[in-house]
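See structure below.
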2 protein chains.
Amino acid sequence: MTRRNDPEPDSTRQRLLEAAGETFADHGFAASTIQMISQRAGANIASVNYYFGSKEKLYHEVLTFGRRVSGEADQPLVTAPVGENPRVTLRRFIRRYLDCLLSPDRPEWYNKLVAREIAEPSVALDELIEIKIQPIRQHLASIVTDMHGGHVDAKMLQQVMESVVGQCLFYYRCRHVVLRLRGLAQYDEATIDEIAENLSAFSIGGITALLQLDLPTLRAKN
Amino acid sequence: MTRRNDPEPDSTRQRLLEAAGETFADHGFAASTIQMISQRAGANIASVNYYFGSKEKLYHEVLTFGRRVSGEADQPLVTAPVGENPRVTLRRFIRRYLDCLLSPDRPEWYNKLVAREIAEPSVALDELIEIKIQPIRQHLASIVTDMHGGHVDAKMLQQVMESVVGQCLFYYRCRHVVLRLRGLAQYDEATIDEIAENLSAFSIGGITALLQLDLPTLRAKN
DNA sequence: TGACTTTTCAAATGAACGTTTCAATTATGT
DNA sequence: ACATAATTGAAACGTTCATTTGAAAAGTCA
């Protein structure tokens with residue numbers, strides 16, 4: 001209780017949270033052992049249960065910890081200068097999101113953990129959606145609405161979110177295949193740039209096509 | 001050895017392969033227990049090791065078995081009438097691929113297993129790429145080449161494959177989030193239809209945009 | 001039917017892991 | 001310095017799981 005409000009930067013508890021975040025992000029909950037985590041944190045194997053009570057409770061704390069830490073870091077992901085060209089905003093969002101997921105040097109374990117949870121939810125999914133997906137959906141929605149210059153059907157917005165996020169996540173979740181096919185050992189800045197560029201072009205084209213589809217089709221139906 | 005060349009349809013060995021395929025597809029290798037598999041197959045817990053030697057060897061046999069069985073089933077996925085409008089071909093490919101991945105009634109465990117392997121490879125990745133990814137890549141490549149009416153840069157083709165497959169896989173891998181956001185308990189035919197429709201429109205728009213980007217940009221650089 | 005092989009079954013084995021325990025050590029407050 | 005609380009450490013415990021074992025049952029062939 002004392003430590004909770006007094007987060008000394010290098011306490012065992014803190015090191016465990018960091019180590020657990022990275023380990024869970026890399027291997028998932030089940031495949032991560034307490035031994036791996038405590039070893040990575042330079043702590044005793046019993047420390048996890050001493051500080052958190054159980055592996056599962058540690059996982060929960062890691063999620064809230066990551067959310068808190070990444071909460072501020074996420075702001076640039078979903079913010080844009082007012083009046084900016086929505087295509088540029090989309091491009092930047094994609095670039096930043098890919099960066100979070102693919103950059104090998106930055107220890108972005110929280111986004112990776114969320115990507116894992118989205119694929120195979122193990123804890124409160126609704127909360128995670130609220131925290132991580134909805135902001136992205138809102139952001140993309142405003143971009144699309146901007147591009148269209150008016151109200152856009154909600155299903156269209158949902159589709160755009162799914163397509164854009166789906167593409168981005170693919171490069172993370174399926175990175176081994178992508179890297180193999182591209183003949184790379186790991187992502188480098190140039191490759192991420194190139195992917196972001198192409199993915200943006202593809203998505204802008206896709207959104208444009210959807211918006212064109214939107215009006216005549218729906219009007220005709222009603 | 002005798003049984004290998006003589007695949008009696010309802011032998012214990014065969015039931016184990018089926019049950020293991022479904023179980024591995026549903027829960028992944030590590031989370032699937034031999035107990036679950038043998039129970040599902042209506043066999044004794046020792047039968048896996050009797051017939052296959054180990055859980056890992058069973059997994060390998062399941063992959064080859066699934067490849068063989070699905071090999072024929074995959075033909076329609078990557079074939080099209082000659083001279084067909086490439087947009088129609090793309091649309092059908094997407095519809096069929098989504099069907100394999102999302103349809104709740106059809107027991108399409110092999111595609112799901114491959115989707116799992118692509119995300120988190122546990123065995124020979126190259127072979128899997130050769131078997132499942134390359135055909136799709138070839139198919140999409142010929143569609144794009146058709147749409148463009150001539151040779152298309154290889155990186156462009158790679159990008160298209162990644163975007164299209166990425167989107168499709170998203171609806172499978174992240175189905176819990178998608179279903180939650182769409183307020184559904186599980187995918188139904190109408191929803192799969194709608195997704196396929198939108199995803200096709202989005203992808204055709206994306207491909208068109210990429211192709212427009214292709215020529216001027218690359219010409220300018222060289 | 002009777003020897004022989006193949007298959008099934010329940011129980012045993014051993015390894016990996018989360019968790020508990022308790023003594024040793026370190027920090028804290030007086 | 002002392003007492004008390006917090007933390008660390010190593011070993012032990014209980015569970016889950018893959019795998020092994022050996023005996024029972026079923027099948028095969030003369």
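Protein chains get the first letters and strands the later ones, always in sequence-line order, with residue 1 at the start of each. All values below come from the heavy atoms of this structure, side chains included, with hydrogens, waters and symmetry mates left out. The structure displayed is predicted, hence computed values, not measured ones.
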request  = Just do the side chain to side chain contact (heavy atoms under 4.5 Å, CB included) check on B:Cys100 and B:Lys112 with the steps written out, would you?
outcome  = CA-CA 8 Å; B:Cys100 288; B:Lys112 296 175 182 176; over 6 Å; no

inquiry  = Walk me through whether B:Ser200 and B:Arg92 qualify under side chain to side chain contact (heavy atoms under 4.5 Å, CB included).
reply    = CA-CA 9 Å; B:Ser200 300; B:Arg92 193 186 30 247; over 6 Å; no

Distance-only donor-acceptor pairs under 3.5 Å for side chains of residues 136-144 of chain B, two or more places apart:
residue  : atom : partner  : partner atom : Å
B:Arg137 : NE   : B:Gln134 : OE1          : 3.2
B:Arg137 : NH1  : B:Gln158 : OE1          : 2.2
B:Ser142 : OG   : B:His139 : O            : 3.1

Give the rounded distance in Å between these two atoms: [atom1] of [X] and [atom2] of [N].
X       : N      : atom1 : atom2 : answer
A:Asn49 : C:dC22 : CG    : C1'   : 15 Å
B:Glu56 : D:dC17 : CD    : C1'   : 15 Å
B:Phe52 : C:dT8  : CZ    : P     : 11 Å

query = For the atom pair CD1 (A:Ile192) and CZ (A:Arg96), what is the distance rounded to the nearest 0.5 Å?
reply = 14.5 Å

ask   = Distance from A:Asn49 atom CG to A:Asn44 atom CG, nearest 0.5 Å?
value =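 Between atom CG of A:Asn49 and atom CG of A:Asn44 there are 10.5 Å.
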
Between the protein and nucleotides 8-14 of chain D, are there any N/O to N/O pairs under 3.5 Å, and if so, what are the atom names and distances?
residue : atom : partner : partner atom : Å
D:dT8   : OP1  : A:Thr12 : OG1          : 2.5
D:dT8   : OP2  : A:Tyr51 : OH           : 2.7
D:dG9   : N7   : A:Asn44 : OD1          : 3.4

message = Are the side chains of B:Arg173 and A:Glu120 in contact, using a 4.5 Å heavy-atom criterion?
response =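 A side-chain contact under 4.5 Å exists here.
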
key: For DNA chain D, the residues among residues 26-38 of chain A that have a non-hydrogen atom under 4.0 Å from it   = none

query = Mind checking what makes ring-ring contact (aromatic ring centres under 6.0 Å, His included) contact with B:Phe29, not counting sequence neighbours?
reply =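 Scan of B:Phe29 (ring-ring contact (aromatic ring centres under 6.0 Å, His included), adjacent residues dropped) gives B:Phe24, B:Tyr59.
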
query = If we fit an axis to the first five pairs and another to the last five of the helix from C:dT1-D:dA30 to C:dT30-D:dA1, what angle do they make, to the nearest 10°?
reply =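 Axis-to-axis angle, ends of the helix: 10°.
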
task = Would you please test B:Met36 and B:Glu22 for side chain to side chain contact (heavy atoms under 4.5 Å, CB included) and show each step?
result = CA-CA 11 Å; B:Met36 290 162 68; B:Glu22 288 163 18; over 6 Å; no

inquiry  = Restricting to side chain to side chain donor-acceptor pair (under 3.5 Å), what partner residues turn up for B:Ser54, sequence neighbours left out?
reply    = none

task = Can you establish whether the number of heavy atoms outside B:Glu84 located under 6.0 Å from its atom CD is more than 12?
result =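 Enclosed.
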
